[in-house]
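Following: one structure in structure tokens, then a few remarks.
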Amino acid sequence: MRAMQLFAEPLRAAIAAKFGVEPDAIRLEAPRDDKQGDLALPCFLLAKQLKKAPPALAAELASALAGAVADVTAFATGPYVNFRIARPALARAVFAEIAEQGARYGGSSEGSGRKVVIDFSSPNIAKPMHVGHIRSTILGASLMRIFRHLGYTAVGINHIGDWGAQFGGLVVAIRRWRSEVDLEHDPVRGLLELYQRSKAAVEADPKFREESVAAYRELESGAEGEVRETWRWVTQVSLRGFDATYRRLGIGHDFVRGESFYEQLLEPTVARIQAAGVTEISEGALIVDLTGVDKGLKETPCLLRQTNGTTLYATRDLAALFQRFEEFEFERCLYVVGSEQRLHFRQLKAVLKRMAIEWEPRAEHVDFGLLLGPGRVKLASRKGAVLVLDDLIDEVVEEARRIIGEKNPDLADAASVAEAVGIGALVFNDLKRERIKDVVFDKAEILSFEGETGPYLQYTHARLASILRKAEANGEGGAEPDFAVLEGSGSILMRLARLPDVVRGAAARCEPSEISNYLLALCRELNSWYAENRVLGETPRTTAARVALIRASKSVLGNGLGLLGITPLEAM
RNA sequence: GCGCCCGUAGCUCAGUUGGAUAGAGCAUCCGAUUUCUAAUCGGAUGGUCGGUGGUUCGAGUCCACCCGGGCGCGCCA
């Protein structure tokens, strides 16, 4: 039983009994200002039904409910009945639940036996990951953790861009110029250079173009030989590079399936859609007309096959979607992809609707805003200087190292702490706002470790850890706690009790920022509390109560950080 | 032109199914460290919630229209 429900359930039952309605019809909300109470019942609707003035009804209810539920007091404030849970009882219930569930607190088993497929990160081979990949990667990884915390089987898929005509050009570039670049020490950077040269050569040199078309044709044919071998090598070194970055971020996928994986499924997919009778030929291309599905899609049919017979992006994604449903029978299939691809995913879903596929609502586009460069211009990845993700990580970690040297030069294990702090700053920067918001890439903001940042959360955690260490060393905190001293700590207790609801909401809306904002609020409250309340060296019963609060808070904060992909630190 | 998204303090953002005086961080100014980590805390300054109507006992939140910004719109992915 959740700690809060221990009080809220009987309260709702008592209110419902007064009116002879179902307890589910009674909605208790959290007052905006926690000084007003822990739970509130607005009386507007009931007052209307009973033809009474809301404040009068509130007053009447407050006195009627006095003593109805143990440890809960009721009082009327204007048109509201506010309820306040006695701090000792609240503390006991909340601490017990957190201690009992430990690392599982905030989660549940509601997802047991249910499967969520999450498609995220999805870089292209032959190029290093750059800052443009960071949002999908970090959001997707956090969603994986959130769903797993709720007991779901989360299947992470990395849909690598490893197929397309451009790889014909790359193979030819490698064939011609491999001795001119360094493919030994840093093959991915070498490949990037060749990739860019091949792009230019395809434009400028007809002979090069001819050769690359031939190479791509050979690749598509599936024939073994130099072309396929080269492509395989490119894939391999690229994945090795990605893996190193993922490891640093503590991220992993269950399946790495490039676009090439679905090559064999394209023709059967087209056949399946045709068999459903929803295709037609328009201007020489095979399309699915979507006018009837959605007025907004009338000018934009889904193209399955070009005039020249080859398939397209949408065809590949449909093939992948069908394959995933057959393999996983997912309850939800999430595509963590930028919002500029909204139309694409609307089209995919519209095709499913036209085919009368009942599981169509299970496919969801988890979209996020653009990553913009300085001046709010779109950060172009094609041209010229892209900021390589590993370089950015290095830079942030280096800044963390510098600050540690300044603030805590004696810190043991400074290197690994710097790594965790730097990555924490980077990760939180991407998870702190609603995902649909555009993000202006601002290095100064990422390098700032003050205010609403990952390091702020980690710092709070480290201070809590430090208190617990000292309590342990002093042998303090073991007395019978006097929870009456937590009288002024109600907002923290209520906050701690709320984590399970926050995690569930974050999963329902695929919005890790809800956890971020929860943790920021918790840390603000904890830091304020810390400035006013001393834990160690008080009377044994006071210290015991405060140690219990610190222990529960550290546990909750640690769990929350873990869900975001930020390392909770014991010291920093 | 059509479709979708966004618009809350100088800047970056919170604001759960409509509810009680609209909240943070950054920046600016003032203040706090002989005591549990000052990557912190307290205070001050800062708002016609883009605009106009509408629904409602009640609208930042819902509806309509308008304004501003962005993304997308058949043979790329």
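In what follows, every chain begins at residue 1, and chains take the letters A, B, ... in the order their sequences are listed. Since we're looking at a predicted model, the values are computed, not measured.
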In the strands shown, is [N] matched to any nucleotide by a Watson-Crick or G-U wobble pair with both distances under 3.5 Å, and which?
N      : value
B:rG74 : none
B:rG42 : B:rC30
B:rA14 : none
B:rU61 : none

>> Can you tell me if A:E340 has over 12 outside heavy atoms packed within less than 6.0 Å of its CD?
In response: yes
> For A:E280, does the CD atom sit with more than 12 other heavy atoms under 6.0 Å from it, leaving out its own atoms?
Replying inline: yes
Provide the distance between the two [atom1] atoms, one in [N] and one in [M], to the nearest whole Å.
N      : M      : atom1 : result
B:rU61 : B:rC71 : P     : 26 Å
B:rG1  : B:rG10 : P     : 32 Å
B:rC57 : B:rA14 : C1'   : 28 Å
B:rG50 : B:rG7  : P     : 8 Å
B:rA44 : B:rC5  : C1'   : 38 Å

Pick base, sugar-phosphate or nothing for [X], based on heavy-atom distances below 4.0 Å to the nucleic acid.
X      : result
A:N82  : base
A:L370 : sugar-phosphate
A:L536 : base
A:A165 : nothing

> Would you call A:D501 and A:R2 a salt bridge, taking side-chain N to carboxylate O under 4.0 Å as the test?
Replying inline: yes
>> Tell me whether A:R401 is salt-bridged to A:E398, with the criterion being a basic N under 4.0 Å from an acidic carboxylate O.
In response: yes
>> Distance check needed: B:rA39 C1' versus A:N408 CG, whole Å only.
In response: 10 Å
